[in-house]
Amino acid sequence: MSDPHGEYTIAIQQAATEDSPRAPARSGAKAWPSLALALILLLSIFLNFFNLTQNGYGNPYYAAAVKSMLTSWHNFFFVSLDSGGFVMIDKPPLAFWLQASSAGLFGFSGLSLLIPEALAGVASVAILYILVRRSFGTTTGLLAALALAITPICIVTDRSNTPDSLLVLVTLLATWMIFLATETGKLRWLLLSALLLGIGFNIKMLQAYLVIPAFALLYLLGAPLRLRTRLLHLALAGVVLALISLSWIVAVDLTPVTQRPYVGSSPSNSEIDLAFGYNGIQRLLGFLFHSSGVAAPLGGSLYNGMTLLIAILEAGLPSPIRVFNQQLGSQIGWLVPLAVYGLIVAIGRRQKRAPLTREGQGMILWGTWFLTMLIFFSLALNIHTYYLVMLAPAICALAAIGLLKLWAAYGKPGWRGWLLPLALANTAACQWFILTYYPGWRSWLSPLILVVCILAALLLVVARLFAKRQNIALTGPATSVALLALLIGPAIWSCATPLQVSSPLLLRAGPAAQATGYEEATEKLMNSFIPDSTRVDPALERYLLAHQGQTRYLLVTLNGVTAAPLILDTAKPVMALGGFIGIDPILSQQQFKALVAQNVVRYIMVPAPKIDLRGLPPQLLKMMGGSDNKQQARPGKAKIVYPLQSQIMDWVFSSCTYVKPTELQPDSANPDQAISIKPGGALSQIMFDCASHH
């Protein structure tokens, strides 16, 4: 009697290869993959575009820069935060050039800013399908595409104006080119891959380089060329990568500092320093810079400490299992165990060193991509949750590859045959762990996932122990049902995302009612010194517009995030004195006094010298090293010790006139109270008028 499981395995393997570019496709086999892919792409379009307008402008800091970029080609080229060209944002230009082009064509709106990223997310799903399909067949490609389409962190990032979704798209295009280069040994494909990675550098700087180990290893091991030729090709690709990557930042650094904005978040006013410092090694080690330009760890100053504390609250402390923690697990950790098993099942498979088969190429590429980024994001101290979208394609590809490889191994003798039930049970257990942080869902979703997957695993074990009695009519559907159960969690978190307004500064997918204590603490701490709204108190706005006169800048703020709402509302120049978070050493006290004397600036607004840290975890508060802001006083009544831009603040507090809220709102009950920059907001500000010192 023939082995029914063996026949089923052969059928699966045939289905996985029948759409290969090298194999003639039967007419009847063309319809279902196209239909399945169309449905997956429609799902991606829905998740990325439904209710997209509810997110407003997205991150107001980036949106304000795009609005300012539209005022002149100078501001466009230098991605200036303000239309006065005072300071640049802390990212390279390409993503924002694209957003500005969209806003120029369709008018400045939240939708025109968000459409490029949403489209990039859909395109990434389609390209991942193509890449996985070419190596592992149609079924695997479809599963990988489906997994990426419902990865929660990808959905919330695709619906924002951060540059990460565009970086993922460009990286996947570069992956396509490196596959072609490895398969053919032709230099042009390798150079094109390097060019695309250079473009990626100009989208998100060094984050684009995280795939280089995977690309270099694949070409070195797999290209059908002599070792000397492969090394020479890689060297030439490195030259192209460097030329494209450094083209814009070198152009900025060679421009005289008096003819361009200050490079935001760089203590030395250098894009190279920004790329390899703030956006490079500091993301890994967590070192930040004082306004004096001296590198310091977390305990250096209050605001530096809070910046890193926010990153820790947002993404969790470094850990080998960080992707399963309270902050990241529900965003990207659902299918990581399947991806790990996808690597395990490939261990020991013998391949010719060169040329590699397409399957061998895929295992090297996705495996190295996964391990490199998993290690980096497990160790990096200062990251945002949405950075992990770069890890998502490798997780989805390996999870799909792993599932089908495990199924194929299940029908054969050897230890690998036991990995399928183990993988299903372990993945379900990890999802149960992720859901422990969400009481509203764990009560019913955790038992559902566990019961389905454990029953499927037990059925697979029994069928394997009693091979003569196994029935493919049971084991095949059982595995499929278990897979569907494992997709429920990420699908719920993804589908819930378009139904709620996401915080523009703290991107998180999933049901809003299930916010964790860490999320609440992070938002509370962020709101203590930077706003989370793109709306400004109308009374404050009317006052500033009425009293600006011939002053060039409508207002001076301490940081870029506070300046952004006013830029968006008024389209006027607003000066962010210290760049993004207020620590950039852009002006000295004498330079600021000169700007006041020249009527360039008049009004300055800074956060009230009180930061509410109550309710934060004590162990994290200890990391801040104490407060630099222990002295507090009523505005205008006594000297205020301020940790940021201290020399300028000393002069402002001693020489400028405190603007009482009664001047903005005559019916104000407390004339000495601080000003709220946004309606109903918790952020208190104090404003001074320096006009008397013109």
Side-chain angles (χ1 to χ4, degrees), residues 81 86-87 90 262-269 277-278 282 287-310 525 528-530 553 555-563 574-597 600-613 624-659 674-675 677 683-690 692-693:
L81 171 65
F86 178 72
V87 64
D90 56 6
Y262 185 94
V263 177
S265 299
S266 163
S268 60
N269 195 10
Y278 177 80
Q282 293 180 47
F287 284 10
L288 296 173
F289 284 95
H290 288 285
S291 57
S292 63
V294 180
L298 183 58
S301 75
L302 176 63
Y303 277 67
N304 286 333
M306 284 200 306
T307 302
L308 190 51
L309 181 56
I310 287 172
L525 184 56
S528 294
F529 71 110
I530 55 176
Y553 282 90
L555 180 68
V556 177
T557 66
L558 200 61
N559 58 63
V561 187
T562 308
V574 178
M575 179 182 290
L577 187 61
F580 176 49
I581 60 171
I583 64 174
D584 296 349
I586 304 177
L587 296 176
S588 66
Q589 184 188 94
Q590 291 301 316
Q591 289 172 322
F592 184 79
K593 290 167 64 176
L595 293 180
V596 172
V600 175
V601 298
R602 174 179 177 178
Y603 293 102
I604 180 170
M605 177 174 280
V606 297
K610 181 179 180 181
I611 297 170
D612 186 2
L613 301 177
M624 296 182 63
S627 170
D628 292 331
N629 193 21
K630 297 178 181 178
Q631 300 184 38
Q632 298 183 22
R634 290 169 60 192
K637 303 298 182 181
K639 180 179 176 64
I640 300 174
V641 178
Y642 223 79
L644 302 181
Q645 313 297 331
S646 57
Q647 292 184 344
I648 294 175
M649 292 299 99
D650 287 346
W651 181 82
V652 169
F653 294 144
S654 63
S655 304
C656 299
T657 304
Y658 170 59
V659 179
I675 302 164
I677 197 173
L683 175 67
S684 295
Q685 301 276 336
I686 51 179
M687 188 165 74
F688 294 87
D689 181 359
C690 300
S692 59
H693 292 271

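Nothing fancy with the numbering, it's 1 onward along the sequence. In this text, all values refer to a predicted model and were calculated from it rather than measured experimentally.
Annotation for Asp689 and Cys656: closest pair O-CB, 3.6 Å, computed over non-hydrogen atoms. Nearest heavy atoms, Asp584 versus Val263: OD2-O, 4.5 Å. Of all heavy-atom pairs between Val574 and Thr557, the closest is CG1-CG2, 4.1 Å. Of all heavy-atom pairs spanning Gly579 and Val87, the tightest one is CA-CG2, 4.2 Å. Of all heavy-atom pairs between Met687 and Tyr658, the closest is O-CD1, 3.5 Å. The two residues Phe580 and Tyr278 come nearest to each other via the heavy atoms CD2-OH, 3.8 Å.
Scanning for ring pair (Phe, Tyr, Trp, His ring centres under 6.0 Å) contacts around Tyr262 gives an empty result, with sequence neighbours left out.
Going from atom CG of Leu587 over to atom CG of Leu595 covers 6.0 Å, rounded to the nearest 0.5 Å. With rounding to the nearest 0.5 Å, the separation of CG in Leu558 from CD1 in Ile604 is 7.0 Å. Taken from OG in Ser588 to CH2 in Trp651, the straight-line distance is 12.0 Å, to the nearest 0.5 Å.
The side-chain heavy atoms of Ile586 and Gln645, taken from C-beta on, include no pair separated by under 4.5 Å. The side-chain heavy atoms of Phe86 and Val556, taken from C-beta on, include no pair separated by under 4.5 Å. At least one side-chain heavy atom of Phe592 sits under 4.5 Å from a side-chain heavy atom of Val652. No side-chain heavy atom of Val601 sits less than 4.5 Å from a side-chain heavy atom of Cys690.
Without hydrogens or angle criteria, Gln589 side chain to Gln647 main chain gives a donor-acceptor distance under 3.5 Å.
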